[in-house]
Amino acid sequence: MSALSHDRPAPPLQSTTSKASTSSSPLLGETPAVVVPSSKPPSAKDLSPNAASPQVAARPPPAPKAERPRPKIRATKAAITLTPTAVEKLRNLLKSPTPQLIRIGVRNKGCAGLSYHLEYVDKPGKFDEVVEQDGVRVLIDSKALFSIIGSEMDWKEDGLSAKFAFKNPNIKDACGCGESFTVG
């Protein structure tokens, strides 16, 4: 006999005529087998007719994920502000027989690189930013948004001209005549 056989006591012998031998309950000191559910669905041959024996069960289906509405991102501050004189002039322009919207953009032009460009449009473009202040709507071209953001639009009149003037904090350099600018 080996040394290992002396360390463990031998299991008790049971008689074949007793009713205890026909039950499938585990012997004292033995633990029942643990059954881990498989990824395939159980078949009839996987299930045991004995209710006390471990059963193979199918995994429950995953819970459906709740669809939550996408949040709407809204600007907390307008991309451009309008002075009262600019609002009044824009309101007069929009009261014309064919009311149109004004789109503000920038073009590659002038000595410094960029120049403001204003145009009339019937409806906003797909990616235009709509700024509404005091009942006046102004559109900003999506390509010009980063050059114009944070600016102030004003209406200036003097003896020789009348025009919209912009105070833009993003300007790094401007030409001498003031018609073109560069943003950094």
Side-chain angles (χ1 to χ4, degrees), residues 34-43 46 56-184:
V34 176
V35 178
V36 178
S38 65
S39 60
K40 63 179 181 149
S43 64
D46 292 336
V56 176
R59 292 180 189 248
K65 292 184 179 179
E67 285 289 324
R68 59 184 177 136
R70 294 183 63 116
K72 295 194 188 274
I73 299 172
R74 296 180 188 247
T76 57
K77 187 176 179 184
I80 191 169
T81 56
L82 307 172
T83 62
T85 55
V87 169
E88 184 181 329
K89 184 61 180 174
L90 287 169
R91 194 172 285 136
N92 290 338
L93 289 172
L94 296 176
K95 285 183 181 177
S96 66
T98 57
Q100 295 177 325
L101 297 169
I102 293 179
R103 178 186 290 148
I104 304 170
V106 293
R107 298 280 166 102
N108 291 333
K109 181 177 160 185
C111 359
L114 297 173
S115 177
Y116 294 106
H117 179 76
L118 302 174
E119 63 181 333
Y120 289 110
V121 293
D122 293 326
K123 61 180 182 174
K126 186 175 182 180
F127 299 110
D128 285 350
E129 178 79 19
V130 179
V131 176
E132 188 167 346
Q133 181 179 328
D134 299 329
V136 175
R137 289 175 55 192
V138 176
L139 306 176
I140 299 176
D141 188 13
S142 61
K143 297 173 195 160
L145 186 60
F146 290 114
S147 303
I148 293 177
I149 198 159
S151 297
E152 179 184 67
M153 183 177 177
D154 193 12
W155 177 255
K156 298 272 184 176
E157 288 187 32
D158 58 13
L160 297 175
S161 66
K163 63 180 179 177
F164 285 107
F166 294 89
K167 293 179 187 170
N168 190 340
N170 304 317
I171 292 179
K172 299 297 180 202
D173 190 25
C175 68
C177 64
E179 290 295 320
S180 61
F181 61 94
T182 303
V183 292

> What pair of heavy atoms forms the shortest contact from E129 to A79, and how long is it?
Replying inline: CG-CB, 4.4 Å
> Does some side-chain heavy atom of W155 sit less than 4.5 Å from a side-chain heavy atom of T83?
Replying inline: no
> So do the side chains of L93 and Y120 get within less than 4.5 Å of each other, counting heavy atoms only?
Replying inline: yes
> Does any N or O in the side chain of N168 come within less than 3.5 Å of the main-chain N or O of S147, such that one atom is a donor and the other an acceptor?
Replying inline: yes
>> Taking D128 first and then R103, would you say they form a salt bridge - that is, a charged N and a carboxylate O separated by under 4.0 Å?
In response: yes
> If every non-hydrogen atom of S180 is compared with every non-hydrogen atom of K109, which pair is closest and at what distance?
Replying inline: CB-O, 3.5 Å
> Taking only residues two or more places apart in sequence, or in another chain, which ones meet F166 in a ring pair (Phe, Tyr, Trp, His ring centres under 6.0 Å)?
Replying inline: Y116
> Does some side-chain heavy atom of D134 sit less than 4.5 Å from a side-chain heavy atom of L82?
Replying inline: no
>> Looking at every non-hydrogen atom in both residues, tell me the closest pair between G150 and P169 and how far apart they are.
In response: O-CD, 3.4 Å
> Got more than 12 heavy atoms from elsewhere within 6.0 Å of CG, N108?
Replying inline: no
> Between K89 and F164, does a side chain to side chain contact (heavy atoms under 4.5 Å, CB included) hold up when you go through it step by step?
Replying inline: CA-CA 9 Å; K89 184 61 180 174; F164 285 107; 4.0 Å; yes
>> Any heavy-atom pair between the side chains of V138 and I104 that's under 4.5 Å?
In response: yes
> Rounded to the nearest 0.5 Å, how far apart are CG of D141 and CZ of F127?
Replying inline: 11.5 Å
> Do Q133 and T81 have side-chain heavy atoms sitting under 4.5 Å apart?
Replying inline: yes
>> Less than 4.5 Å apart, side chain to side chain, heavy atoms only: is that true for V106 and I148?
In response: yes
>> For a 4.5 angstrom cut-off between non-hydrogen side-chain atoms, does D154 reach T85?
In response: yes
> Yes or no on side chain to side chain contact (heavy atoms under 4.5 Å, CB included) for L114 and T182, after CA distance, side-chain angles and deciding distance?
Replying inline: CA-CA 6 Å; L114 297 173; T182 303; over 6 Å; no
>> Using a 3.5 Å distance criterion without hydrogens, assess whether the side chain of D158 forms a donor-acceptor pair with backbone atoms of S161.
In response: yes
> Which pair of non-hydrogen atoms, one from Q100 and one from D122, has the smallest distance, and what is that distance?
Replying inline: NE2-OD1, 3.2 Å
>> Counting neighbours of CD on E152 that are heavy atoms of other residues, nucleotides or ligands and sit closer than 6.0 Å, is the number greater than 12?
In response: yes
> For I102, does its backbone N or O pair with a side-chain atom of R137 as donor and acceptor, under 3.5 Å?
Replying inline: no
